[in-house]
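The structure under discussion appears below in the form of C-alpha cells.
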Amino acid sequence: MRIAEVAMPVPLEKAFDYEVPPALAASVAPGSRVRGPFGPRTLVGFVLSVRDGEPTRELKPLAKAMDPEPLLTAEQMALARWLAVRYCAPIGECVRSLVPPSLRSAMRPVFLPKAGPLPEPPEAPPAGFELTAGQSASFKRLDALLEARRYAAALIHGVPASGKTEVYLRLLRRAARGGGQALFLVPEIALTKPFFAEFSAGMGLPVALWHSGVGAKAKREAWLGLRAGSVRVVVGARSAALLPFKDLRLVVVDEEQDESYKEDDNAPYYHARDVVMERAKTAGALVVLGSATPSLESYSLAVPGGPVELLRMDERVAKGTPPPVVRVLARRGLERDCLSPELLAAVKERLQLREQVILLVNRRGYSNFVMCQGCSWVARCPTCAVAFVHHKGAAADLQDLFAGPAGYSLLCHHCGKDEPVPAVCGRCGKGPLKFSGVGTQKVVEELRSKLPGARVLRMDGDSTAGEKATEAGVWGAFRDGKADILVGTKLVAKGYHFPRVTLVGVVDADTMLSMPDFRAAERTVQMLVQAAGRAGRADKAGLVILQTAQPAHYAIQSVARGDYAGYAREELGLRRDLRYPPAASLARLLFLGKTEKATRAAGEAVAEALRAGSSDPDAVLGPAPGVHSKFEDWWRWHVLVKAADPAKLAEAVAAAKAVPLPSGVRVKVNVDPYDMF
DNA sequence: AGCACGCCGACT
DNA sequence: GTCGGCGTGCTC
Ligand SMILES: [Zn+2]
Ligand SMILES: [Zn+2]
C-alpha cells in the first residue's frame, strides 16, 4: 500500500499516515497539498513523505490531491522539519507557516507559473557614487564571497551612517544577475513606503514587498513568482525569511539585532536570522548581517576562525561630521529632581539654537526595582542575576507569607523567587533604598517649571489600538517643529526622521539596566549607541547625555568608551556563567489559563516533573508569574528551562509536553525567547 | 485547535 | 421528560 505522511494544520506534534488511493498516486508527493478526513471533519494538509509498505494500523484514504504539482519545494519541506526540531514546534504549524493563508486552504487548484524571460539588473551602479574606503573594502570582500557561490556568513559591524545600505544595494544587484535571487530583510519599523520606493528605484528591476500588511493578492503573486524564480529580489520583514526560492544566492539582514526578527507570539517561534542562515546553508548562499550594535548571538559567532566573518566599517560616509558624543552624568539617585542641572543646561542651549531635543524615559509598570541611594546597589535575584521587582502583594497567598509592613515583597520574574523587602542595602548595609523609577509625567512637569516657554510634547507609547492615532499625531507634530522637546519612551517611530534633533537625553539609564530580563544590559547598550547615531546632523555632532547612578556599570562604561567589543566580551561571560543565550539554549514555557490557581498549578506540575526527571535540577527555573501576569483575561505563569545545546533542550521540552495540564490551561513553548514578560 | 460525546441543572 | 452547560478526549 502507498502511504503518505501528512502534516495537518493542528497544534499536534505528530504527522498522520493516510492511504494513497491508486488514482491519486501520480499527484501525491512530498510538498503536495492534500485533503483528507480528520476526525469528524476534513482538512487540507501537506505531504511530508510518501512510502510503500504495510500500514501498522488502519488508515483512512486521502480524499483529494488539491494541485497538479506539489505546492511546496523539497527545500521547504526540509525547512519545515528543521523549524519543528529547532523551535520545538508542531510540524503542522511549521508547514503552515510556509504558505500564505490565501494558498493554504484554497479549494481551487493552484497552478505554478513558469518563469518567463528574466530581466537583468543594470550592471553599473548609478553614477555619482564614490564608495568610501570602508564601503569599498567590505563590498569587495562580500562580492568575492558571493561569487564563490558557497554558503558563507558575514557580519558588518558598522558605526551608524557608515554607509552599509549602499553596500547592501550593490550586493543585492549583483546577486540578482543570471537568474539569482536575493532577500533583503529589514526591521518592520523601517519598512515604509518611501523606503520601498527608493529601494526599488535603486535596484533597477522589479522588487517584491513582503510584510504582514501586504494584501492577499500581492502576496500570492510574490510567493508564486519567487517559487518560479521570476521574482528576483524581495524586501521584507521577519516572515519573508519563510518565502520559497528557486535560486537563492544572497540574504542581507539589516539591523540584525532588531527584535522584530523574532516571532514571539505564535508557533513556530522562529528567529528570521537563524532561519535564513539555515536556508543559505542548503542553498549555498551568502548571508550578510549588518548592525551598529550586533546581537550577542551574531557577535559571538564572528570570532577569528568562527562561522561568521567579521567586517568592520568604523568610518562615517560624511567624513567632515564630528562623531557623536556620549556623556555620562553620574547621579546618586538622592536628588529630588529627575533632570540634572547639566542636562537642563544642555537642553536650554539646544533650544536657543532652535534645535530639538528628545528626552527618553522608560515605560513604567514593571520598572519598580530597588536601588540603594547610597551606593547604587540594585536588588537582584541571586540565582538569575535579574533585577527583583518590587511588588504590591501580587498573589494573595504570597502576601500572607511575606507580609512586610506594607504588604510588599521582591519577586524574581525569571525563577519566581520571592523575598521580603530588605530594610537596608545588601551591599553597604545602609541605604536609603528607593523603590521606583521616573515616569514621563514627572519629567514633563519638571520641564514646565524649569524651562517655562519650552514647547514640550509627551508620548507614553503604550501603543494600544486607541493610542496609535494620537501617537502618530505626536511624532508628526514634533517632526514639523511644533515642539522643541519630546519626552518619550522610544527613540524611533515608523517613517519619521528628526534631523533637527541634536541632543538625546536618557533621563534614567538605571531603570533600563534593571528591567526584569536577562537582556536588560544588552538592550540598554543598543539603545544608547543607536541614540548617539541618530542625534546630530551633517554639520553638527550629536550628543547623548545619559543620567545614571551606576556610571561604573560595564554597559555604561563600554558605551562611554565606544568599546562594543569589550562590552560583548563581558556580557558573554555573564551569559556563560548563568547559562543564558547565546551561551546556552533556553526555553520559555508560558502557561495561559482563565484562573490563576490552575495556571500556576500547571507551571508547578511541569517544573516539578522536569526537576524530578533531570540530573540538573538547577536548569529548571520557576514557575514564576509573568511580568504581565494577566493579559486579555488570561493568567500567565512561566517555567524557564536551560540546556547546553538545542538537542538537550528539545529533550526537556518533550518531557514537559508529556505532563498533563489542568483543564483550561494551554502552554506556549518559545525557544530562545526575546519576550520574557 | 476543533469537534463530538458525555453526564448534571432548569426549562416547556 | 428534553435542551444545553462546557469538562475530557481524540484526531491517521
Ligand atoms: Zn548601598
Ligand atoms: Zn531568579
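None of these values were measured; they are calculated from a predicted model. Residue numbers begin at 1 in each chain, while the letters A, B, ... track the order of the sequences.
Residue A/Leu661 contributes atom CG, which lies 15 Å from atom C1' of B/dA1 at whole-angstrom precision. Summarising the geometry, the separation between CZ on A/Arg41 and P on B/dA1 is reported as 11 Å, rounded to the nearest angstrom. Regarding A/Ile91, its CD1 atom lies at a distance of 17 Å from the C1' atom of B/dA1, rounded to whole Å. Protein atom CD of A/Glu93 is 10 Å distant from nucleotide atom P of B/dG2, rounded to whole Å. Rounded to a whole Å, the CD1 atom of A/Ile3 is 10 Å from the C1' atom of C/dC12. The nearest whole Å value for the distance from the CG atom in A/Leu43 to the C1' atom in B/dC3 is 11 Å. Rounded to whole Å, the distance from CG on A/Leu48 to C1' on C/dC12 is 13 Å. Here C/dT11 presents its C1' atom at 14 Å from CD of A/Glu13, a figure rounded to the nearest Å.
By the 4.5 Å heavy-atom criterion applied to side chains, A/Arg86 and A/Tyr270 are not counted as neighbours. Side-chain contact between A/Leu586 and A/Phe518 is present, with at least one heavy-atom pair separated by less than 4.5 Å.
Of the residues A/His638, A/His391, A/His628, the one that meets the ring-ring contact (aromatic ring centres under 6.0 Å, His included) test with A/His413 is A/His391.
Residue A/Pro55 is classed as having no contact, given no heavy-atom separation below 4.0 Å to the nucleic acid. Backbone-only contact: A/Tyr18 has heavy atoms under 4.0 Å from sugar-phosphate atoms and none from a base. Counting non-hydrogen atoms under 4.0 angstrom, A/Leu12 reaches a base of the nucleic acid.
Note on A/Ser663: every side-chain N or O is 4.0 Å or more away from OP1 and OP2 of C/dG7.
Candidate nucleotides B/dA1, B/dA4, C/dC12 were compared by shortest atom distance to the side chain of A/Pro40, and B/dA4 ranks first.
A cation-pi arrangement is found for A/Lys642 relative to A/Tyr580, the charged atom lying closer than 6.0 Å to the ring centre and inside a 45° cone about the ring normal.
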